[in-house]
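Computation of the quantities below employed the complete heavy-atom set of this structure, encompassing side-chain atoms and omitting hydrogens, waters and symmetry-equivalent molecules.
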Amino acid sequence: MSPRKPNMESTIYFGADGWWHGRVTMGVKNDGSPDRRHRRAKTKAEVRRKIRELERLRDQGRATTAGRKPTVAQWMETYLTDIASLKLKPRSLDDYWSKTRNDIVPGVGQHRIDKLQPEHLERMYRAMLDAGHAPSHVVKVHRILSRALKIAHRRRIVGENVATLVDPPSIDEIEANPFTKEEAKAFLEAASKRPTFMRWIVGVGMGFRQGETLGLRWSYVDLEAEMFRPEWQLQRLTWRHGCADPHACGARLHRFEPCPAGCARHKSYKRGCPKPCPKTCTRHASACPQRKEGGLVFTRPKTKKSRNAVPIPPVFIPFLHEHKAGQEELRAAAGELWQEHDVVFSRPDGRPLDPRADYEEFKELLKEAGIDDRRLYDGSRHTAGTILNELGVDMPTIMEILRHTQISQTRRYVKGRSHLSKDAMRRMGEFFVPAPSTPDPGPTETRTETPDTRAARARRRRRIR
């Protein structure tokens, strides 16, 4: 009889090194050769347990692919370069890269992806919180890593997504701080003295996002039908290398050593000195002679719902006609220097407004109007949603105006006012405990005698009879 074992049957033997060894046939590799996995243990029972576990994964179709597993850093680079870049918007992809470079790789990047444990992630999150990162930042890092591990699990690179075994920190939702009606009027009164008045009318009065407002084009404005169609938004994207060797292209800008204490070179940086470059740095694309896909560009809104048409309040129409006439005068004055971008809100040479300058102007207007500091979102979308609610507009209608996909999102944008709550509770109290009626003051003295009623005369006749 042949000593050869049947196909797919495992082998267990005692080796000359004093260990028990087991080998399991899992299938075939990409090159067609047999995929034989090896396990070893000090005892036969232990190696048999490991062999049975491998066989169970093989029979259930959940065994990981053959070959040495990448580290977390290597897998994140593969995920962001080849997988996430096909689906994510450019700004979202930049955010994924930033959090990967600054948080994930320094935290757990050297672990092999199949050896990553929940404790590794928990220690990383704890270190991030101790370093001063907000819980919301840690949760975003957790979601990015969890998504990457989910793809690895789906492709059988790992047997389990360990991020699902970890609870990220709880987030204290930032409370909205919209303008009151008085503050909104004061803000727009301050803005009326500037050439960008209509930009703030649309932002505050209609709840448009900053990118949607600055990216609004005349081709998508119907003044006769009184409709805005926010088909595009203006965004600042990160430049990308267009050359063949990004590392060599940015050689003169590479800085591998950290800045000395009291660095004067980066004293104007709001976030302090930048981190040193990695040894294989491929950044500094803004200095690349063949740079591409960066700067101020027009992009599509994130969701299809965001591109829904929005009615223009009729009182805004004369202001828009006046604004368009003023823009025509600027075009004539600029002559050949005019750069046509068809934007509703432009600089004197026709270029779109810079989002950074727009943000600084918002802060200046807050000071001029005597309003305390707050976020740009508070002064635009949150304000529009809250004032619509105060005017008695129902939530589904507000959701359509703000172009949200879920009404729960709209409710986060609408902040209740204390005076409305007080009035509501006053009416509630009057329903349960009616106000005391005014007492009858009794008969009053008059100059003329009050005539008898018919009933009184009838009683008097009955007494006489």
Side-chain angles (χ1 to χ4, degrees), residues 1-83 100 103-128 141-142 144-168 278-280:
M1 181 180 291
S2 173
R4 179 176 177 178
K5 290 181 177 292
N7 288 337
M8 306 301 288
E9 186 171 339
S10 304
T11 303
I12 297 177
Y13 61 92
F14 185 74
D17 57 358
W19 288 76
W20 282 91
H21 297 264
R23 296 188 181 276
V24 183
T25 301
M26 306 296 291
V28 293
K29 298 180 182 178
N30 292 334
D31 59 0
S33 60
D35 178 10
R36 293 274 288 177
R37 308 285 175 91
H38 172 255
R39 293 292 184 270
R40 71 172 189 169
K42 279 294 185 181
T43 65
K44 187 176 182 179
E46 179 65 17
V47 77
R48 186 172 290 163
R49 184 191 64 79
K50 292 183 178 180
I51 291 300
R52 283 199 299 266
E53 179 65 20
L54 262 181
E55 291 174 341
R56 183 179 64 82
L57 293 174
R58 178 196 63 191
D59 297 340
Q60 293 178 354
R62 298 195 298 114
T64 59
T65 55
R68 184 175 179 83
K69 302 300 183 285
T71 63
V72 174
Q74 292 169 342
W75 173 246
M76 289 303 301
E77 183 173 358
T78 301
Y79 167 69
L80 294 176
T81 303
D82 301 330
I83 303 171
T100 298
D103 300 306
I104 296 176
V105 171
V108 294
Q110 300 307 311
H111 288 285
R112 260 178 47 184
I113 193 171
D114 59 329
K115 301 295 184 182
L116 192 63
Q117 298 297 321
E119 294 78 14
H120 300 148
L121 303 187
E122 290 166 346
R123 282 195 288 269
M124 179 179 71
Y125 298 159
R126 180 72 265 167
M128 291 172 63
V141 171
H142 173 78
I144 293 170
L145 184 56
S146 179
R147 178 62 182 172
L149 293 176
K150 180 180 180 180
I151 298 298
H153 178 236
R154 185 183 297 169
R155 300 187 178 191
R156 297 181 184 175
I157 299 174
V158 295
E160 186 176 24
N161 179 2
V162 297
T164 60
L165 307 178
V166 179
D167 291 329
K279 296 300 182 182
T280 58

Margin query: Run the side-chain hydrogen bond (donor to acceptor under 3.5 Å, both in side chains) test on R36 and T25 for me, step by step, so that the C-alpha distance in whole Å, both residues' side-chain angles and the decisive distance to 0.1 Å come before the verdict.
Written below: CA-CA 4 Å; R36 293 274 288 177; T25 301; 2.6 Å; yes
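- The residues E46 and R49 are annotated as salt-bridged, a charged nitrogen and a carboxylate oxygen being separated by less than 4.0 angstrom.
- Among V108, I144, T81, the single residue meeting the side chain to side chain contact (heavy atoms under 4.5 Å, CB included) criterion with M76 is I144.
- Counting heavy atoms from C-beta outward, L145 and V72 have side chains that approach closer than 4.5 Å.
- Nearest approach of T43 to W20, heavy atoms of both residues: C-CD1, 3.6 Å.
- Under 4.0 Å is where a charged nitrogen must lie from a carboxylate oxygen, and between E55 and R52 no such pair does.
- In this structure the side chain of V105 reaches within 4.5 angstrom of the side chain of T100, judged on heavy atoms.
- Closest non-hydrogen pair, G109 versus T71, comes out as O-CB, 3.4 Å.
- One finds the NZ atom of K69 at 10.0 Å from the CD1 atom of I113 (value rounded to the nearest 0.5 Å).
- Listed here is the closest heavy atom pair of L116 and V162: O-CG1, 3.4 Å.
- Between P168 and H142 the shortest heavy-atom distance is CG-CD2, 3.7 Å.
- With rounding to the nearest 0.5 angstrom, the CD1 atom of I104 is 13.5 Å from the CH2 atom of W75.
- Between the CD atom of Q74 and the OG1 atom of T78 there is a distance of 7.5 Å, given to the nearest 0.5 Å.
- Closest non-hydrogen pair, S146 versus N161, comes out as O-ND2, 3.3 Å.
- Atom CD of E77 and atom OG1 of T280 lie 7.5 Å apart (nearest 0.5 Å).
- The line from CD of Q117 to CG of L165 is 9.0 Å long, rounded to the nearest 0.5 Å.
- The nearest pair of heavy atoms linking W19 to D17 is N-OD1, 3.1 Å.
- Within a 6.0 Å radius of NZ in K50, other residues, nucleotides and ligands contribute more than 12 heavy atoms.
- Summarising the geometry, atom CZ belonging to F14 is positioned 11.5 Å from atom NZ belonging to K44; distances are rounded to the nearest 0.5 Å.
- Between R155 and I83 there is a side-chain heavy-atom pair separated by less than 4.5 Å.
- Each of H38, R40, R39 was checked for a side chain to side chain donor-acceptor pair (under 3.5 Å) with H21, and the lone residue meeting it is H38.
- For the salt bridge (Lys or Arg N to Asp or Glu O under 4.0 Å) test, no residue two or more places apart in sequence or in another chain qualifies with E119.
- A parallel orientation is assigned to the rings of H120 and H111, their planes being inclined by less than 30° (bins at 30° and 60°).
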